[in-house]
Structures are given as C-alpha cells and as structure tokens.
Number of protein chains: 2
Amino acid sequence: MGKAAITRKTILNKAFDLIYQKGYQATSVDNILDQTHVTKGAFYYHFENKEDMGVRMVEEVIYPKLYDALIMPLEDSEDPINDIFKVIMNFFKLADYQTIMYGCPTSNMIQEMAPLSDRFHEALKNITDTWQGTIEAALKRGQENGTVNRTVDTESVAQFIVVSYEGLRSLGKVYQSKLYYKNYLKQLRAYLATLQ
Amino acid sequence: MGKAAITRKTILNKAFDLIYQKGYQATSVDNILDQTHVTKGAFYYHFENKEDMGVRMVEEVIYPKLYDALIMPLEDSEDPINDIFKVIMNFFKLADYQTIMYGCPTSNMIQEMAPLSDRFHEALKNITDTWQGTIEAALKRGQENGTVNRTVDTESVAQFIVVSYEGLRSLGKVYQSKLYYKNYLKQLRAYLATLQ
DNA sequence: CATGTCACGTACTATTTAGTATGTAATTCA
DNA sequence: TGAATTACATACTAAATAGTACGTGACATG
C-alpha cells in the first residue's frame, strides 16, 4: 500500500471509530483530523466532501466487518438453522464492551442517514440486501437437502432474522446486559427450530 | 391550558416534527424557533438547555404516542397472542408515509442519544421497560387463563417481540415497502403461534 | 534536466451553533 | 394601585462547522 493509500485508510478508520461512538453528524471533519496526523488539504484531496467520505467509510470499513462476521460464514452453509444460530451466538461471544454499548454500525448508519441522503441509503441497502440474500440462499439450500421445511417462506424468514438481530443491537444500547443477549438467543433458537 | 403552557407545547411539538425527520443533533434550537412564532427568550425560559427540551419531548410527546398505540391496548388483554398481533397490524394499517419513511421515534432516539446522554438513556429505558413489561404481564395473564403455554419464558418472549418490532421499524427506513411489513407480520404471527 | 502531476500543508471564510445578557410587556397579588 | 413575578423579546457572543484558496515539496516522465 502506497503512502497516499495509507493516508486514505487512516482517515476512514478514524472516521469509523468516531462515527461509531458519536454518530455521523456529531463527528466533524476537524474532529477526525485532530485525532490523526492528517491535514485538511489531504482530507479534501481524497474525498469530495464529508458525505463522500462517510459513504466510502460505510462501503470500505463497515461492510467488510459485517461480511466477515455474519455473511461469509453462511455462504456455503448446508445446515442454515444451526449455522445461523451459531454465527450470531459466536459473534456475541467475541463481542467487547464497545460492541454492546454502541450497537450495530450498519444499523446506526441506517437510523441516522438513510432518510437524509440517497448515497447513504443506497450503500446501506446494498449491505442489508447482501446479508438477507445470503441467509435466504442458505435457507433454500436447506430446503433442498431437507434440513429446512419446504413450506417456509425463505424471504420473509431471512428478513425476520435480520430484523430481529438489528432490533436487538439497537435496544442493546439501552439494556447493556449479557442477559438481554442471552434471552434473545433463546428465542431466536426457538424460532429457528420451528423452521425444521 | 394557559398561554405559557401553549408556548411550551408548541416548542415540544415542533421539536418532535423536526427531530423525527432529521435527528436530534441535526435539529438546531434556531431551527425550531424559525418554524414557530417562539423566540429564544421563551425557549430558554421554558427549558434549561437543548438537552432538557429533548428529554421532555421524549417524555411528553414520544412516550404518549407509543403508549396510546401499542401499550394501552394491551393493558387489559386476556388473549395476548392474538391481541399483540392485532395491535401491531393495526398500527401499520393506520400508518402514513412518514411513519414508514422515518422509523420509530423511540428507536430513533435510542440509536442516536442513548450512548451520549444519561438523561436520554434513562427516559428511553423507561419507555421500553414499560412497553416490554406490559407485554410480559399480558403473556402471564394468558398463561393463567390457558391461552399461553405455561412453559414459555414470558420475559424473553416479550423482549423478542419488542426487539423484532424495533428492528423492523429501523430497517423499514431502507426498504419502505408494504411487502416488507407484510412479511414481518407473517413471521410474527408464526412465532406467536408457537407460544400457544 | 525541465515540467507537470500527485499528495498534501496552512491559512482563511462564511455560516451556524448553543447559550447569555438585558431588556420589557403582561399578570398576579398584597 | 403599587410591587413583584411571569413570560417572554432582542441583540449579542464565542466556539464550532464544512469547505476553499493557494501554496509547496516529492516524484515521475518526456
């Protein structure tokens, strides 16, 4: 990676840290620059404006995190009912305080920016479409190999799983207890079991 | 209602309109004043500061809306499995474009402000506690009268319902389609049916 | 070796922000 | 009716904001 590419990455990574904790609008460009050794000239050389930087941050920082943790592990799943549960449970097992305190980065950005900016809206819709689509595809493979009941509506089930997960991460901000996550996993498992 | 009380209400109601659409931090005090016939002197006479106004808005505008639509109808429910579904379905039936476009006011405020302000955190936790508690109480009555299976963990079920609802409202911002809500209701009904 | 482009660095601006200082009508109450 | 308190109105400030103008050293390329 060249020097310029490093500068760009530095901006995006620090922007993620701050935006994840405070929100996009509450994080100023100066705020990001203060916490890096990057100057304003460099910032506006690499990005058109603040919105452009934010959208790239979603695409290049937030999306890969979600992909690695929750999407990729399901891409080849032949036993979705068990794998979906395992993937989510495993994510919470590895989660630190920040992860629980500040919610899901994707969901945070949707809440704040989807209604305000078309560019954000599109980037965020791509992420959720990909995730939901991956779950749906896994459920369909499960239907073919017999691990998932053929009568289930894979689209609405995939949606329900994503929706419940994002709701959990959102309300997790207010409850911040292990029990809250445990309770969720209990009900998620029960719900998934009904799909067999 | 006296004249001063009307001024106060005017501020809170307009604050709700703007904050619901743009977020708390993106809505300035001047912004609220521009859209009312209220001056800065009046604003800071009625509220300590912007945060104080925001918290009162949560308590006095957002909470009553959620209470009327989703909490009160369940307070005397003796058939929670059917009533919970009906109440949520009914809410979406009556929902306008704004409601779907801008998500759930409570959830929006949680996402933006719960990690940033203790006063917001507390006010928002009270709302969700009340809602979840009401659902749990209804489920317990259902267990007593036989409409709900006695083996179900009412706390985690109540939590799962709230969580899935809030996730839906959050992701609804990005999907904005009737189908998305229909799919949710389908899975919610299926999930609730397993509690019988 | 001259020259253009890349990748910044510095200094600035116009606007917006929450909040304050200080007034002054309108009520209330003794 | 006089005095105090309520409920505002107006004008201001200091800080923060996104973005710009303009410079400059490094480096590639003909």
Side-chain angles (χ1 to χ4, degrees), chain A residues 1-58 60 109 112-113 115-121 123, chain B residues 1-58 60 109 112-113 115-121 123:
Chain A
M1 198 159 49
K3 217 186 147 209
I6 289 174
T7 301
R8 202 185 123 93
K9 272 257 161 200
T10 302
I11 294 169
L12 291 177
N13 286 332
K14 182 56 71 179
F16 169 78
D17 288 345
L18 294 173
I19 290 169
Y20 181 43
Q21 294 185 33
K22 306 196 304 172
Y24 170 81
Q25 284 161 310
T27 301
S28 71
V29 173
D30 285 337
N31 216 320
I32 295 163
L33 301 178
D34 287 348
Q35 300 219 15
T36 55
H37 286 226
V38 176
T39 61
K40 197 152 266 198
F43 185 96
Y44 283 97
Y45 173 78
H46 284 286
F47 306 101
E48 277 177 52
N49 47 40
K50 190 190 172 189
E51 184 193 31
D52 180 47
M53 185 278 298
V55 171
R56 303 304 168 119
M57 187 274 283
V58 168
E60 300 174 34
M109 293 304 292
E112 185 178 3
M113 298 310 295
L116 298 183
S117 154
D118 287 345
R119 288 195 60 196
F120 273 103
H121 184 265
Chain B
M1 197 162 47
K3 219 186 147 211
I6 289 174
T7 302
R8 201 185 123 93
K9 271 259 161 198
T10 302
I11 294 170
L12 291 178
N13 286 332
K14 182 56 72 179
F16 169 77
D17 289 346
L18 294 173
I19 290 169
Y20 182 42
Q21 293 183 33
K22 306 195 304 170
Y24 170 80
Q25 284 161 309
T27 300
S28 71
V29 173
D30 285 335
N31 215 323
I32 294 164
L33 301 178
D34 287 347
Q35 300 219 15
T36 56
H37 286 227
V38 176
T39 61
K40 197 153 267 196
F43 185 96
Y44 282 96
Y45 172 76
H46 284 285
F47 305 100
E48 276 178 53
N49 48 39
K50 190 190 172 190
E51 185 193 32
D52 180 48
M53 185 278 298
V55 171
R56 303 304 168 118
M57 187 274 284
V58 168
E60 299 174 33
M109 293 305 293
E112 185 179 2
M113 298 310 295
L116 298 184
S117 153
D118 286 344
R119 287 195 61 195
F120 274 103
H121 184 268

### Task
Carefully, step by step, assess A:K40 and A:D30 under the rule side-chain contact (heavy atoms from CB on, under 4.5 Å).
CA-CA 8 Å; A:K40 197 152 266 198; A:D30 285 337; 2.7 Å; yes

Distance-minimising heavy-atom pair for [X] and [Y]:
{"X": "B:H46", "Y": "B:A4", "result": "CE1-O, 3.3 Å"}
{"X": "A:F43", "Y": "A:V38", "result": "N-CG1, 4.3 Å"}
{"X": "B:I11", "Y": "B:F47", "result": "CG2-CE1, 3.7 Å"}

### Task
Name the orientation class of the two ring planes belonging to B:Y20 and B:F16 (parallel below 30°, tilted from 30 to 60°, perpendicular beyond 60°).
parallel

### Task
For the pair B:E112 (side chain) and B:Y24 (backbone), establish whether a donor and an acceptor sit closer than 3.5 Å, ignoring hydrogens and angles.
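Yes; at least one donor-acceptor contact below 3.5 Å.
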
Between [atom2] on [N] and [atom1] on [X], what's the gap in Å once rounded to a whole number?
{"X": "B:K50", "N": "D:dA15", "atom1": "NZ", "atom2": "C1'", "answer": "15 Å"}
{"X": "A:N31", "N": "D:dG19", "atom1": "CG", "atom2": "P", "answer": "15 Å"}
{"X": "B:K3", "N": "D:dA9", "atom1": "NZ", "atom2": "C1'", "answer": "11 Å"}
{"X": "B:I11", "N": "D:dC8", "atom1": "CD1", "atom2": "C1'", "answer": "10 Å"}
{"X": "A:D30", "N": "D:dT20", "atom1": "CG", "atom2": "C1'", "answer": "13 Å"}
{"X": "A:H46", "N": "D:dG19", "atom1": "NE2", "atom2": "C1'", "answer": "17 Å"}
{"X": "B:Y45", "N": "D:dA7", "atom1": "OH", "atom2": "C1'", "answer": "5 Å"}

### Task
Mind listing the residues from residues 32-42 of chain A sitting with a heavy atom below 4.0 Å of DNA chain D? Number order is fine.
A:K40

### Message
Classify A:F43 by what it touches in the nucleic acid, base, sugar-phosphate, or nothing, heavy-atom distance under 4.0 Å.
### Response
nothing

### Message
Counting the atoms with a prime plus P, OP1 and OP2 as sugar-phosphate, which does A:N49 contact under 4.0 Å by heavy atoms, base, sugar-phosphate, or nothing?
### Response
sugar-phosphate

### Task
Please step through side-chain contact (heavy atoms from CB on, under 4.5 Å) for the pair B:M53 and B:I32, ending with a clear verdict.
CA-CA 11 Å; B:M53 185 278 298; B:I32 294 164; 3.7 Å; yes

### Query
After noting the C-alpha distance and the side-chain angles of B:N31 and B:K22, does the key distance pass the side-chain contact (heavy atoms from CB on, under 4.5 Å) rule?
CA-CA 11 Å; B:N31 215 323; B:K22 306 195 304 170; 2.8 Å; yes

### Query
Quick one: how far along DNA chain C does chain B reach, first to last nucleotide 5' to 3', anything under 4.0 Å to a heavy atom?
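Under 4.0 Å from chain B, the extent on DNA chain C is C:dT17 to C:dT20.
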
### Task
Test side-chain contact (heavy atoms from CB on, under 4.5 Å) on A:R56 and A:R119 and set out the steps.
CA-CA 10 Å; A:R56 303 304 168 119; A:R119 288 195 60 196; 3.7 Å; yes

